[in-house]
2 protein chains.
Amino acid sequence: MALKKKTTQSSPRKPLSRERVLKAALALVDKDGIESLSMRNLAAKLSVEAMSLYKHVANKDAVLDGLVELILREMEIPPVGTPWREAMRRRAWSVRHTILRHPWASVLIESRLAPGEARLSYADTVLSILKNAGFATEVQYRAFQMLDSYVYGYVLQEVNWPTKESDRKMLVVRLKEFLHDGRYPNLMKVIEQASWLKLAPGEKPYDADFEFGLQLILDGLERLLPR
Amino acid sequence: MALKKKTTQSSPRKPLSRERVLKAALALVDKDGIESLSMRNLAAKLSVEAMSLYKHVANKDAVLDGLVELILREMEIPPVGTPWREAMRRRAWSVRHTILRHPWASVLIESRLAPGEARLSYADTVLSILKNAGFATEVQYRAFQMLDSYVYGYVLQEVNWPTKESDRKMLVVRLKEFLHDGRYPNLMKVIEQASWLKLAPGEKPYDADFEFGLQLILDGLERLLPR
DNA sequence: CGCTTAAGCTTACGGTGTAAGCCTGTAAAG
DNA sequence: CTTTACAGGCTTACACCGTAAGCTTAAGCG
């Protein structure tokens, strides 16, 4: 019965580790939001005292760095052979989906530069795909940067938008009565026609708007290809 | 001598006010960074106790909202008659410069939706300019959103990049020795040729890269104009 | 003058990150 | 087998945070 010797069997007590700490942090933050991540809370989740965490993690900032690293690893890096347009598109959607799965991560990721292995390796892969596609060296860098800017910028806003259809309709109603006297008529008209108010069946709210900008950028990049 | 009556003349003691609190907060944050903004710190800056602030401001979150509002007001809104390309470009650069002037603001602005009068009025103006330019209604919304995504996304990264030339060179050196064994060759090559390493006299570091993406987007939008 | 009331102050509470040091079970060394 | 070292947990403590509750003072007004 006893795996090794005694283990007192009262409680399994798996030993702590950086890995386990970060996993628990991720679970905690996904469930209760980033503002509920405190060293004491996190420790409690692991049935341990706060200061014990410091044996496996330098400080809270290191926990945040670890979280970012976990999230970055969730993002798909298309294999090197992939045609550049498809590769860029898949990457963009993967970033977006990953962040929407962990909305708290949006601010975190960009606020700490922390290159980190994941980011470097990602950058190198993307650049190699662009190079193979025939882009000039300085265009590779800029295309990479530009796509990331757009994607992160878009998603950063998106995480604050209403996800439930009822909330979306309510927002329009409230805006309408706020602007009852015809202030901001352009804004009003545009909102009424916003694509996220009339979704095709099965369509998710802000997908189309995201894709629009993405394709516009990819089109623009394609024109920069020699010939 | 006495302006009104007594004033005890020992200390002028201008009365507190929401306005004064926010101005002081802005000054504090610009000087010592966002992490040094605490109610006690802020109060001290005004020669006052922390709890006194709450007579003019609901709570710390309201202070942050106020800061965002101040920053948004610093951004230029081109007048309605402006040709659309110039208007969009000026707006983009104004956003970028404003945020670079207050780097702490980048995270703050996007993290709190808080439409706020400034944002609404800005949106309406931009949309009207796009409408007058002849863009279809649903394109107006998307063009607006896309530009903002790109600009905020770009600047959000930029605030973390090295500003001093020496730091920039050092970064390349450190990266080089980190990748000594030829890992990530594409990354290495691209970095060596990055535009911010060979600046024309008077040129600021990341201007060209920003403009590149901006023009690419504007070009793409222009193609969407009927005819 | 006296009253009302707003503006500033004091105190206090429950939270935070983390420095310093203790305690104990396990594993290596003799 | 015994002794020792130490890793991995715990306890205590400190300085700071946002802010609730209530007190004090000063200004404005009849």
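All chains are named by letter (A, B, ...) in the order of the sequence lines, taking the proteins before the strands, and each is independently numbered beginning at 1.
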Exercise. Between B/Ala50 and A/Ser36, who's closer to the 5' end of DNA chain C by nearest nucleotide?
Worked result: B/Ala50

For this session: Return the nearest nucleotide to the side chain of A/Glu49; candidates are D/dG18, C/dA7, D/dC10.
Result: D/dC10

Exercise. So, A/Ser149 and B/Gln157: side-chain donor and acceptor under 3.5 Å apart, yes or no?
Worked result: yes

Exercise. Using a distance-only test with no angle check, is there a side-chain donor-acceptor pair under 3.5 angstrom linking B/Trp196 and B/Asp207?
Worked result: no

For this session: Using a cut-off of strictly less than 4.0 Å between a heavy atom of the residue and any atom of DNA chain C, enumerate the qualifying residues of residues 21-31 of chain B by number.
Result: none

Exercise. Which of parallel (below 30°), tilted (30 to 60°) and perpendicular (above 60°) describes A/Tyr154 and A/Trp161?
Worked result: perpendicular

Exercise. When you measure from the centre of the six-membered ring of B/Trp93, is the NZ or CZ of B/Arg96 under 6.0 Å away and within 45° of the axis?
Worked result: yes

Exercise. Does C/dG8 have OP1 or OP2 sitting under 4.0 Å from an N or O in the side chain of B/His56?
Worked result: yes

For this session: Note down the inter-axis angle between the two ends of the helix from C/dC1-D/dG30 to C/dG30-D/dC1, five pairs each, to the nearest 10°.
Result: 10°

For this session: Please report, rounded to the nearest Å, how far the P atom of C/dA20 is from the CG atom of A/Asn59.
Result: 14 Å

For this session: Measure across B/Ala123 and A/Leu187 and return the closest heavy-atom pair with its distance rounded to 0.1 Å.
Result: CB-CD1, 4.1 Å

Problem set entry | Residue A/Arg168 excluded, over 12 heavy atoms near CZ under 6.0 Å | yes

Exercise. Tell me: CD of B/Glu35 to C1' of D/dC16, nearest whole Å?
Worked result: 14 Å

Seminar exercise, completed: Side-chain contact check for A/Val48: nearest option of D/dG18, D/dC10, C/dA7 is D/dC10

Exercise. Are A/Arg91 and A/Phe144 in a cation-pi contact, defined as NZ or CZ under 6.0 Å from the six-membered ring centre and within 45° of the axis?
Worked result: no

For this session: Round to a whole Å and report the spacing from OH of B/Tyr54 to C1' of C/dA6.
Result: 19 Å

For this session: Choose from D/dC17, C/dG17, D/dA20 the nucleotide whose nearest atom is closest to any side-chain atom of A/Lys60.
Result: C/dG17

Exercise. Can you list the steps and then say if B/Leu100 with B/Thr163 is a side-chain contact (heavy atoms from CB on, under 4.5 Å)?
Worked result: CA-CA 11 Å; B/Leu100 290 182; B/Thr163 54; over 6 Å; no

Problem set entry | Pairing of A/Glu110 and A/Arg119 as salt bridge, 4.0 angstrom limit | yes

Exercise. Can you find a side-chain donor-acceptor pair between A/Ser36 and A/Asn41 that sits under 3.5 Å?
Worked result: no

Exercise. What integer distance in Å separates A/Arg18:CZ from D/dG8:C1'?
Worked result: 17 Å

Problem set entry | Length of the NZ-P vector between B/Lys55 and D/dA21, whole Å | 13 Å

For this session: Whole angstrom is fine here: how far is it from CE in A/Met51 over to P in D/dA7?
Result: 17 Å

Exercise. Between A/Leu16 (CG) and D/dC10 (C1'), how many Å, whole number?
Worked result: 13 Å

Exercise. Separation of A/Leu46 atom CG from D/dC10 atom P, in whole Å?
Worked result: 10 Å

Seminar exercise, completed: Checking D/dG9, C/dA19, D/dG18 against the side chain of A/Ser52 (C-beta onward), the nearest is D/dG9

Exercise. Could a donor-acceptor pair under 3.5 angstrom be found where the side chain of A/Arg40 meets the base of C/dG17?
Worked result: yes

For this session: For the side chain of B/Ser38, starting at C-beta, report the closest nucleotide among D/dG18, D/dG8, C/dG8.
Result: D/dG18

Exercise. Which nucleotide, C/dT16, C/dG8, D/dT19, lies nearest any side-chain atom of A/Asn41?
Worked result: C/dT16

